[in-house]
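Chain letters run A, B, ... following the sequence lines, proteins first, then strands; residues in each count from 1. This is a predicted model, so every value here is computed, not measured.
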Amino acid sequence: MTYPVALAELIEEFQAVDDKRERLEMLFELADEVVELPSEEWNDDTRVRGCQSEAHVRIQVAEGRIEFLSAADARLVQGLMGILTLAIDGMAPAQALLIPPQFAEEMGLLNTLTPSRSNGFRNMFDKVMNEIRQSTEG
Amino acid sequence: MTYPVALAELIEEFQAVDDKRERLEMLFELADEVVELPSEEWNDDTRVRGCQSEAHVRIQVAEGRIEFLSAADARLVQGLMGILTLAIDGMAPAQALLIPPQFAEEMGLLNTLTPSRSNGFRNMFDKVMNEIRQSTEG
Amino acid sequence: MSLRDEFPILQRQVNGHPLVYLDNAATTQKPQIVIDAMNDYYSQSNANVHRAVHTLAGEATEGYESCRIKLKQRFNAQRAIITSGTTEAINLVAHAWGRANLSKGDSIVLTEMEHHSDIVPWQMLAEERGVEIRYVPVTQHFTLDMEAFTHALDGAALVCVVHTSNVLGVRNPLESIIEQSHAAGAKVLIDAAQGVPHAQIDFTAFGADFMAFSAHKMCGPTGIGALLVQPDVFEQMEPFMGGGDMIETVTIEGSTYQTNEHKFEAGTPRIAEAIGWTAALDWMETFDISAEHDRLIKIASWVAKSLRDLGMNVYGRHEDGDAAVVSFLHPTINSEDMAHLLDARGFAVRTGHHCAQPLLHRLGISGTVRASFYIYNTREEAEAFVSEIKEIVERFA
Amino acid sequence: MSLRDEFPILQRQVNGHPLVYLDNAATTQKPQIVIDAMNDYYSQSNANVHRAVHTLAGEATEGYESCRIKLKQRFNAQRAIITSGTTEAINLVAHAWGRANLSKGDSIVLTEMEHHSDIVPWQMLAEERGVEIRYVPVTQHFTLDMEAFTHALDGAALVCVVHTSNVLGVRNPLESIIEQSHAAGAKVLIDAAQGVPHAQIDFTAFGADFMAFSAHKMCGPTGIGALLVQPDVFEQMEPFMGGGDMIETVTIEGSTYQTNEHKFEAGTPRIAEAIGWTAALDWMETFDISAEHDRLIKIASWVAKSLRDLGMNVYGRHEDGDAAVVSFLHPTINSEDMAHLLDARGFAVRTGHHCAQPLLHRLGISGTVRASFYIYNTREEAEAFVSEIKEIVERFA
Ligand SMILES: Cc1ncc(COP(=O)(O)O)c(C=O)c1O
Ligand SMILES: Cc1ncc(COP(=O)(O)O)c(C=O)c1O
């Protein structure tokens, strides 16, 4: 299994950095990549469970391409969403479904983050992948 | 506070012995000193609480002298009763009440014995002293 | 390094003699690796778990939750609730499942072979809710009366049975008990406190609904144990104790609860203990538990025969599959005296009712002397034990 | 050797920086002497307690029971039940005393300042038994509304109140609460989880009926805590969990119970933990806790002021007698981001609702960042903490 180019590059960049503060700053910057989910859509359907603070995601597929909308309270979570945006936004669903969930670990992010945060990330990833799967089935 | 002569001698004898097996054998021999409480009198009134096995004691005072009757399942407990018999049987109540409870510790018996056993011994000692006290008040 | 060398306490002298620890059914000893794991936690990673961001809290949470993952793996279970031990695990079932699912008219099947921890919680529930308790008798062969069991099962809602008796070492015919109980529509709780230390049980294949056990009887620390639960029954459980992280939200109007195991783990959990237990579970995979079990039951069976030859009454049958527990009484030497004489020579055995008074009542006795063997015990220790008893009998009978 | 040197974890680096541990309200660190005590137990004396004759069991029993003796001495209490922590202690009161003494028509007074562990058990009891719960509000000065308290007391059977808030650090006016409650005929339970680490309380003079606390918040191990009970109220308590040594006799007809604390300590107890806690309690007598407390509240009050100067909202008043807990929020920096940035430089703080959702609801927020100080924290650490926050604010606000 291989990563999409954007993601592969990010993984390398993160791996090159040892300092947690630096990695956090890189992550915060990636928050800018997020395609914002409007606050009217922050509801139970879009909520990611297991996060310490509010986090919402929604997938829509238009013309065979994924649109990934997301929003969160914490900049750190927005950063994680930014990574996922870079990875899957605009991609074909079938291709996105091939992305292995381990990339956050490979980026050293699951060491930076705590288990509860990592679970939150894993829940977000699973929710996104589930919605993509449903969209291809529906 | 000083111990009655018989008890003081016993304390010395036990203190001279290091080996637990030997001390147990000495204790077992002291079981012979017990003035047996008849089994008809093994009841809740005479029972010593907190012992692993059955143990019963009764005090009667005749002509100003203590008579100490006792009985137990375990030879070890009988031995403890034997020591108490040597210490108080035939003694005047007022004098018996002066005996400090620490003698079993000084004999090295509370090291030989376990806390539950020591509690049992302490309960026996307290029960006996209580009955002596009551007999002098009654 | 031999397995014995891994246990620091086994190097100890007791009353001037090398310790021969034969009180394993009460609690087992801990290898250095388990002691070290807790040490390391307290020296390096101590923090409160869950809902925290800092590094230590992350390490502590990972350590705590890895115990759950390990339990699920080893026992092939989908739900593993961490408790303070077997006793709390069974009380948890009585409260969280029993009070939510049983009421007047229902009945629970227990056996006379149960430990108090699998009797008293049910008696309390019975008294509170008017539930009926039926006791399966023990035969003179030290086994459950299976005809009576079948009879007792009629209309029962729950069957609670000990995997292996802590007094007799007898392993019950659990496969048949579980199958019959389920056929009759009853749930099954297994008290595996003495089973789990001697066998690797596949909880899902085994098929029981609940299984309770303690870490301290399998080389783990005190203060921790587990309840395994099948997923469908898990959904039928209401919260037991309240507070701490078992909630989703708390308002003054009321609270909502977590939906996973945390729902039943109120308050700061047993973090160091979970880390120690994980080390013990890992360590137990370094040897073949079933081979050890075979070796031990052979030793126990030889000890039982030797003691009978010395005139003892021995309670148990010591067949393959049973645990290496030898309960005995001498016709004239008081059991407490016996235990003290043994202790004087370094042998640790237990006396008394072993928290199984109904069983002893059935056997017509009030206590036994019990020698129980575990993986670090050797044939030589068993031989020394039998000779010591021989000497005691010759001298004190 | 300085006090800090006694704590191995304080020598640790986190993310390349020396650890500055400011999560003490969640759990405290352990001095080497406490770790060693548990080590020694497992390496030299490990055995199950009570009803046993052999030497190790004697040592283990003495170790376990010495914890109770120590608790009774330190807190001048006549009854000390050993539990798994504050949460279990409060649940024990709800079950053992609450269910036996409260019923429909009775009411319990709680406060909005309570930890979930002192809310949820009562909500469960209320739901089961139709008992009413009244909540005393918290004022904008972060204190209990004492007028509302007096009002709520009317006809109440039980008052449950936190000694010191784990979010605000505010110590409640307990003397007046206890006096008024008793005058109104209500029993009083004090949740002293945050009180006991900072003060030596004389339970008998204090006059509360129940007091609950945890070892892990006062340099002791995880998995253990205590409930102190006045003797008259102790007699009103029915058993909670069943099994193990809490019984006097068990027959298939029913059971009778012990009359001392063992009645509430079902199953193999927390032996190693009790030994570790005893060591911690002994160790706490090597310094002047009230002087330490004064030093810490001065630090906290300085931190609170400095954070306000940096534009933070700070929740609490930090007066003498309060605990050294500083809860704060930045107007724009998310608290989780703040905690991660702090962790990157070695500072351990906690974020979230701190298991006190009703209090946060009253404050109109959903969480805070909380820095909590303990005996090994220094003025220098506090200064480094404030500078780090300053840098974060400058860079990320
Ligand atoms: C005020 C208060 N009460 C109760 C508790 C619960 O203590 P534990 O989790 O040790 O049971 C805590 C600890 O978080 C607390 O701060
Ligand atoms: C068969 C059985 N059940 C239950 C228990 C209770 O275990 P714990 O005391 O660890 O809760 C024991 C241990 O004595 C046991 O042997």
Check your understanding: From D:Asn46 CG over to C:Phe7 CZ, what is the distance, rounded to the nearest 0.5 angstrom?
Key ->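 Between atom CG of D:Asn46 and atom CZ of C:Phe7 there are 10.5 Å.
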Determine yes or no for a side-chain-to-main-chain donor-acceptor pair under 3.5 angstrom, with [X] supplying the side chain and [Y] the backbone.
X	Y	answer
C:Gln123	D:Thr251	yes
D:Ser43	C:Pro8	no
D:Arg270	C:Gly223	no
D:Asn91	C:Met241	no
D:Thr87	C:Ala266	no
C:Ser117	D:Gly244	yes

Check your understanding: For the residue pair D:Tyr42 and C:Met38, what are the closest heavy atoms and their distance?
Key ->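 Looks like CE1-CE, 3.6 Å.
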Interface moiety of [X] toward chain C, non-hydrogen atoms closer than 4.5 Å:
X	result
D:Ile247	side chain
D:Val369	neither
D:Gln11	neither
D:Val349	backbone

Largest heavy-atom contact set with chain C, pairs under 4.5 Å, which of [options]:
options	result
D:Asn39, D:Val120, D:Thr222	D:Thr222
D:Gly225, D:Pro221, D:Ala94, D:Ala126	D:Pro221
D:Ile90, D:Thr268, D:Val34	D:Thr268

Interchain contact, [X] with chain D, by part (heavy-atom threshold 4.5 Å):
X	value
C:His115	side chain
C:Ser214	neither
C:Pro239	both
C:His354	neither
C:Tyr135	side chain
C:Ile119	side chain
C:Val14	side chain
C:Leu19	side chain

Would you say that [X] contacts [Y] through its side chain, given a criterion of any heavy-atom pair below 4.5 Å between the two side chains?
X	Y	result
D:Ser45	C:Arg12	yes
D:Val53	C:Met338	no
D:Gln29	C:Leu56	yes

Exercise for review: Quick one: do D:Asn48 and C:Arg350 satisfy side-chain contact (heavy atoms from CB on, under 4.5 Å)? Show the steps, please.
Suggested key: CA-CA 10 Å; D:Asn48 214 324; C:Arg350 193 151 287 244; 3.8 Å; yes
Point to revise | Residue from D:Asp23, D:Asp343, D:Asn15 passing side-chain hydrogen bond (donor to acceptor under 3.5 Å, both in side chains) with C:His54 | key: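 The passing option is D:Asp23.
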Check your understanding: In terms of heavy-atom pairs under 4.5 Å, which option from C:Glu114, C:His95, C:Glu127, C:Met246 contacts chain D the most?
Key ->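 Looking at each option in turn, the highest pair count goes to C:His95.
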